[in-house]
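If you're wondering where the values come from, they're calculated on a predicted model, not measured in any experiment. The chains referred to below are lettered A, B, ... by the order of the sequence lines, with proteins before strands, and numbering in each begins at 1.
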Amino acid sequence: MGPDFRKLDQLSRSIRVRAVEMSYQARTPHLASALSCIDILVALYAGEFLRVDPQTPQAQERDRVIFSKGHAAPALYATLAESGFFDQELLNSYNQNGAILAEQPSPGSVPGLELATGSLGHGLSVGLGMALAGRIQERFYRVYALLSDGECNEGSVWEAAMLAGAQKLGNLVAIVDFNKWQATGRSKEVMALEPLKAKWESFGWSAYEVDGHDLPALVDLLRNVPDGSGKPVAVVAHTVKGKGVTFMEDDNNWHYRIPTYEEVLLAQSELGVSHI
Amino acid sequence: MRNAFAREITRLAEAHPELVLLSGDTGNRLFDDFKAAYPSRFLNCGIAEANMISLSAGMAMSGLKPVTYAIAPFTTYRCLEQIRVDLCYYNLPVVIVAVGAGLSYAALGPTHHSCEDLAVLRAMPNLTLLCPADPLETGLALAAALTAPGPVYLRLGKKGEPAVHAAPFDFQIGVAQRLKAGKRVAILSTGTASHLALNAAESLSQHHLIDAEVVHFGTVKPLDTHCLEELNANFELLVSLEEHSTIGGLGSAVAEWLSSRGQHAPLLRLGTPDRFFSETGNRKYVFEQWELSPEAIALNIFQAFQAL
């Protein structure tokens, strides 16, 4: 058994279109950053291994997903809505004055949201604290922290990595959405990011590389936590910024650009879905 | 104060099973008793304050009550954004313990001085600032901090601080305490400067025939405005004294409050000046250089009083 990957593929398309539509309607940037990580979110939430229940989103034993790249929030919001944490109708009010869904997540705004992010370099550390708490309290949940590659510029990421490695926290997972771009440049050129997998290994992690758009491969990796190595698990997910919309793919202008109505129609047509 | 802290946290850990002690690679041997009694509830987080603060937030979100322990300038300025976003924004019950307030580590130079911490932290929403005066109050303040609903900054000296309080008392967050009754002049002090305030009052009495009141503000935020109301009504000169810059600390907080009153007593703000002490010297030496000896403080107050 296992998940029906045709359904997961359809879900990814639907969430991608949502992200495009939300960016258009709310006039918010970071669309390409959202598109690159959607398959990772779908693998997590629809891969049938994550111990979360929208009916009891605060259950102490739940697995935690920390969405550390808060600037890509529409991807998370749409995934949580599709997963049943809240009504999809709420997505239409995204970033409106007085609305619940802010451009970047705020604390406790919607069920399923584990952390208000937006400032990079916090998520892995907070997730590490949650994982340590689980160990102290003898609760066997897992913590998945989804980071951007640009986020790995932040020193705090490596502070967390070094401590997690020393503590051999097998219930902690860092997933890097390695889309090869940060706000204003190639991520491997701005900082010496590569070799990224070897970096995690040298910090005491069990590290893997995966095609971050290959849903079966992602599910295979992410469900296999702890992986038996006794170490925290790093997943370097090779992704394409703007994935799914051909004219946005690997074009870093879409870090900030907001689609026109015609571009929304094109994206809807390419992905075969529309919500508006 | 650090020994009192280590003793009290070990004692309080029994009543607080959710308490976890995190160290920024600080306090060698200091926590041996704690570690022996509660090995799973102690973690050396390494010399990585930003990560320590954020992970304490993750622990607090998971139902634990973390107490972080590190040297004041490192656990404040370096990780201010982590304090702001992960603790204050979420209003999480984490106690940030800072050892080496003000000039406690004077001889180590300005890298180890902490005379601006209250200034930057006072602006953080939800954060309570506690500055006990002596080892006894350190334990009382810690116990209070552990019951607070949100984040608390506990500002400690180092070691060997003289006793200010003769006996245990009912420490309450946000309530100032009169240490010595007096007339016409009131010294408002906080933290490690409160013992200095008593000595300065003694000098004022001996050399200048002024019987000053001394009020200790063990909490700098929230400020005890009821107490300020009374002091403002009953004294001709108010003096703030702190082991901290005259910019942004207790003196500034009092000035901000006074400025909202139509009529108020003049305020003399005493503390460290707006510059680094880059010579070599121990705490006593720096205090003398900066006119913060009891005699220099008394003279300063006397002159301000005469000028009224």
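Salt-bridge check for B:Arg11 with B:Glu8: passed, with a basic side-chain N closer than 4.0 Å to an acidic carboxylate O. A:Glu114 has a carboxylate O that lies under 4.0 Å from a charged side-chain N of A:Arg62, or vice versa, which qualifies the two as a salt bridge. In summary, B:Glu256 and B:Arg122 engage in a salt bridge, as defined by a charged side-chain N under 4.0 Å from a carboxylate O. Between A:Lys197 and A:Glu209 there is no salt bridge, since no side-chain N of the basic residue sits under 4.0 Å from a carboxylate O of the acidic one.
Neither the backbone nor the side chain of B:Glu18 comes within contact range of chain A, judged by heavy atoms closer than 4.5 Å. Contact of A:Ile66 with chain B is not made at all, since no heavy-atom distance falls under 4.5 Å. Interface residue A:Gln167: only side-chain heavy atoms are found under 4.5 Å from chain B. Heavy-atom distances place no part of A:Thr117 under 4.5 Å from chain B, backbone and side chain included. Of the two parts of A:Ala166, neither the backbone nor the side chain holds a non-hydrogen atom closer than 4.5 Å to a non-hydrogen atom of chain B. Contacts of B:Leu43 with chain A are made by side-chain atoms alone, with heavy-atom separations under 4.5 Å and no backbone atom involved. Residue A:Arg139 touches chain B through its side chain alone, counting heavy-atom pairs closer than 4.5 Å.
Defined by atom type and a distance below 3.5 Å, a donor-acceptor pair is present between the side-chain atoms of A:Asp177 and A:Ser36.
Between chain B and the residues A:Arg135, A:His122, A:Met162, A:Met130, the largest count of heavy-atom pairs under 4.5 Å involves A:His122. With chain B as partner, the option from A:Ala160, A:Gly123, A:Ser156 having the largest number of non-hydrogen pairs under 4.5 angstrom is A:Ala160. Among A:Val126, A:Leu115, A:Leu124, the residue with the largest count of heavy-atom pairs under 4.5 Å with chain B is A:Val126. Ranked by heavy-atom pairs under 4.5 Å with chain B, the list A:Gly127, A:Ser125, A:Gly121 is led by A:Ser125. Contacts with chain A were tallied for B:Cys45, B:Gly46, B:Cys79, B:Ser56; B:Cys45 has the most, counting heavy-atom pairs under 4.5 Å.
Closest heavy-atom contact between A:Leu222 and A:Arg142: O-NH1, 4.5 Å.
Looking only at distances, no side-chain donor or acceptor of A:Ser23 sits under 3.5 Å from a matching main-chain atom of A:Ala19.
Note that A:Arg51 lies outside the cation-pi zone of A:Tyr141, set by a 6.0 Å cut-off to the ring centre and a 45° limit from the axis.
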